[in-house]
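Below: one structure, written as structure tokens.
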Amino acid sequence: MTTYYKDVYIDETATVCGPYEKKGPLRRYFDKCYDDLYVGEDSYEKAEIKLVRSSLKTLMNKANIDKYNIDLVIGGDLLNQITASTYGTYGVGNGFIGIYGACSSSVLGLIIAANFIEGGFVNNCCCVVSSHNLSSEKQFRNPVEYGAPRPNSSTFTSTGAASCLLSRKKTSIRVESSTIGKIVDYGQNDANDMGRVMAPAVIDTLKRHLEDTGRKVDYYDLILTGDLGKYGKEILIDYMRNCYNINLKDNYNDCGTMLYDLYEQKDVHAGGSGPVCGALVVYSYIMHLMRRKKIKRVLFLATGALFSPTLLYQKENINAICHAISLEAV
Amino acid sequence: MMKNTKYNLIADSHKSEETKIKNAIIAFFTGGLIGLIGEGMIELFCLNFSMSRTDAGTLMIVVYIFIASLSTALGFFDKLVSICRCGLLIPITGFAHSMTSSSLDYKKEGPIYGIGSNMFKLAGSVIIYGVLAAWFFGLIRYLLGGSL
């Protein structure tokens with residue numbers, strides 16, 4: 001389902017990140033970096049909540065708006081009961097919607113916000129996403145200190161929180177259109193190879209977006225996927241070329257491979273992941289380029305693996321979803 | 001279904017390269033080293049503290065468990081595993097490591113709902129199937145005419 005917008009602009013963005021992201025190549029574009037994974041709290045979950053608060057605070061300072069003037073807050077993260085968003089956004093805004101789209105939450109939030117604004121229901125809306133490497137490890141994988149070797153195809157959940165204020169007020173970045181994704185199941189079930197699980201979702205959403213809008217891939221200056229990682233990226237390029245004759249080579253990149261230096265930071269294996277991974281790259285570096293008119297049209301496809309350890313053990317496949325949003329510098 | 005086969009075919013050509021054989025060789029030697037040091041400890045305890053071999057074996061295990069738990073708590077056991085691969089995870093050190101790391105994860109949830117109920121998250125399977133296997137092999141040994 002593709003929707004076009006006339007009057008939705010990105011007012012301001014704020015990104016905060018953890019120590020690993022600080023060592024990555026994009027560090028100078030982030031608003032705030034923490035050196036400690038605990039962020040001064042005593043547990044990882046509380047640390048993630050603090051990251052959300054810190055990002056919202058930075059956003060409100062940058063946009064010069066106080067918390068009572070934000071009409072709606074939309075938040076999403078990976079924790080059970082999306083607690084980082086619900087606790088982290090407490091007290092901000094006049095309404096809250098919690099969303100879960102796994103790592104696609106960032107774009108899902110933007111799409112919901114854009115629809116609210118375009119429909120004239122609210123004047124501005126703040127979207128926030130977060131993830132924390134260790135709180136995700138604890139919830140989805142092994143205990144944090146457990147040192148089981150991981151395969152090279154595994155991805156590394158990014159630490160940080162990224163928020164974005166959308167409004168009707170005209171700014172230099174416009175939300176042009178969006179495509180809401182469908183859940184896809186290509187029979188994948190390797191939790192250590194999320195790129196392979198999520199690439200089918202991108203294939204589906206990207207294809208539908210291009211069909212609905214009647215555009216070719218070279219319409220966009222940059223097409224970005226959220227967190228496919230090194231191998232998922234290769235799969236996507238190869239599949240699109242082989243099956244649909246769509247060549248993604250030149251103007252395509254993956255945020256998971258951009259956030260870290262894959263040669264220097266071996267710990268991240270195939271690249272970054274998590275809701276905040278794509279958001280950290282797009283809200284900081286990409287928007288920086290767009291504001292300076294270096295690139296004009298960007299299609300951001302956030303990918304999410306709708307993964308539950310319980311159902312995986314019950315021999316179910318891992319489903320994936322991907323939402324797309326098209327941004328335009330004006 | 002056709003779509004899945006085609007996708008799998010393309011995805012298989014972009015698989016990550018895993019160094020399984022190299023890992024196995026490293027694990028063989030590091031695991032062997034753990035065994036060698038353990039045997040050395042048993043000999044040491046037997047000679048110096050005039051212990052029986054059985055008692056010395058138990059003490060060796062206790063020493064290993066202590067070292068593994070302490071290094072997990074101090075945060076460098078996982079780094080050692082990334083060097084030594086599974087050579088450190090298969091012996092008793094890995095068992096102690098799994099229990100300590102699970103407990104550390106849940107220490108903020110308190111001693112009952114946190115540490116107590118989550119300590120055996122990873123190690124529980126090892127214990128239950130270890131006991132079951134011991135019972136089973138004991139039974140075979142008894143049926144084959146061995147003593148109890």
Side-chain angles (χ1 to χ4, degrees), chain A residues 37-38 41-47 134-135 137-139 141-155 184-190 192-193 195-201 203-204 228-244 266-267 269-271 317, chain B residues 1-20 22-24 26-27 68-69 71-90 93-94 96-110 114 118-119 121-123:
Chain A
L37 276 167
Y38 279 102
E41 295 289 325
D42 59 8
S43 78
Y44 311 126
E45 290 80 8
K46 289 182 194 165
L134 299 181
S135 66
E137 284 288 314
K138 179 176 168 183
Q139 184 174 306
R141 301 191 184 101
N142 287 325
V144 171
E145 283 297 330
Y146 192 65
R150 291 169 62 185
N152 290 329
S153 59
S154 63
T155 45
V184 299
D185 176 9
Y186 271 41
Q188 304 301 317
N189 52 18
D190 186 356
N192 278 319
D193 196 350
R196 184 177 174 147
V197 172
M198 297 188 293
I203 293 165
D204 185 72
L228 290 185
K230 198 168 130 194
Y231 302 99
K233 188 177 158 184
E234 289 174 8
I235 295 172
L236 178 69
I237 295 173
D238 199 358
Y239 193 92
M240 290 309 260
R241 195 180 46 226
N242 263 312
C243 297
Y244 304 122
K266 290 283 182 211
D267 290 355
H269 299 284
N317 293 331
Chain B
M1 236 28 224
M2 265 297 287
K3 207 166 56 177
N4 292 4
T5 337
K6 181 138 200 204
Y7 180 74
N8 279 329
L9 216 65
I10 289 175
D12 281 343
S13 64
H14 297 285
K15 267 200 164 156
S16 57
E17 282 168 27
E18 305 297 339
T19 48
K20 279 186 183 160
K22 193 180 142 206
N23 286 350
I26 295 173
S69 300
S71 53
T72 305
L74 294 175
F76 60 83
F77 194 92
D78 50 342
K79 291 181 185 74
L80 287 179
V81 177
S82 62
I83 300 165
C84 301
R85 318 310 289 185
C86 283
L88 278 182
L89 283 184
I90 304 296
T93 43
H97 173 55
S98 74
M99 284 180 65
T100 320
S101 58
S102 302
S103 325
L104 279 173
D105 249 18
Y106 289 93
K107 77 175 177 209
K108 279 291 153 211
E109 283 87 334
N118 288 297
M119 189 181 223
K121 225 179 160 188
L122 293 172

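At least one side-chain heavy atom of Pro149(A) sits less than 4.5 Å from a side-chain heavy atom of Val81(B). In this structure, Pro143(A) and Leu122(B) have side chains that are in contact, with non-hydrogen atoms separated by less than 4.5 Å. A 4.5 Å side-chain heavy-atom check between Ile235(A) and Tyr7(B) finds at least one atom pair inside the cut-off. No side-chain heavy atom of Tyr146(A) sits less than 4.5 Å from a side-chain heavy atom of Leu104(B).
Contact of Leu236(A) with chain B is not made at all, since no heavy-atom distance falls under 4.5 Å. Asn23(B) does not touch chain A: none of its heavy atoms, backbone or side chain, sits under 4.5 Å away. Interface residue Lys15(B): backbone and side-chain heavy atoms are both found under 4.5 Å from chain A. Interface remark: Gln188(A) contributes side-chain atoms only to the contact with chain B (heavy atom separation under 4.5 Å). For a residue to count as touching a neighbouring chain, one of its non-hydrogen atoms must lie under 4.5 Å from one of that chain's; by this rule Ser13(B) touches chain A with the side chain only. Of the atoms belonging to Ala270(A), not a single heavy atom falls under 4.5 Å from chain B.
With rounding to the nearest 0.5 Å, the separation of OG in Ser82(B) from CZ in Arg150(A) is 12.0 Å. The CD atom of Glu145(A) lies 7.5 Å from the NE2 atom of His97(B); values are rounded to the nearest 0.5 Å. In this structure, Asn142(A) CG and Ser98(B) OG are separated by 9.5 Å, a value rounded to the nearest 0.5 Å.
Salt-bridge formation is detected for the pair Asp12(B)/Arg196(A): a Lys NZ or Arg NE/NH1/NH2 atom is positioned less than 4.0 Å from an Asp or Glu carboxylate oxygen.
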**Item:** Residue pair Lys107(B), Ser43(A): steps toward the side-chain contact (heavy atoms from CB on, under 4.5 Å) verdict
**Value:** CA-CA 9 Å; Lys107(B) 77 175 177 209; Ser43(A) 78; over 6 Å; no

**Prompt:** Step by step, would you call Glu17(B) with Lys230(A) a salt bridge (Lys or Arg N to Asp or Glu O under 4.0 Å)?
**Reply:** CA-CA 12 Å; Glu17(B) 282 168 27; Lys230(A) 198 168 130 194; over 6 Å; no

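Interface check for chain B: of the options Leu134(A), Asp238(A), Ile203(A), the most heavy-atom pairs under 4.5 Å are formed by Asp238(A). Interface summary for chain A: among Asp78(B), Asp105(B), Leu80(B), the most heavy-atom pairs under 4.5 angstrom belong to Asp105(B).
With hydrogens and angles disregarded, no donor-acceptor distance shorter than 3.5 Å links the side chain of Asn152(A) to the backbone of Ser16(B).
A cation-pi geometry, defined here as NZ or CZ lying under 6.0 Å from the six-membered ring centre and within 45° of its normal, does not hold between Lys6(B) and Tyr186(A).
Checked against side-chain hydrogen bond (donor to acceptor under 3.5 Å, both in side chains), Tyr239(A) has no partners two or more places apart in sequence or in another chain.
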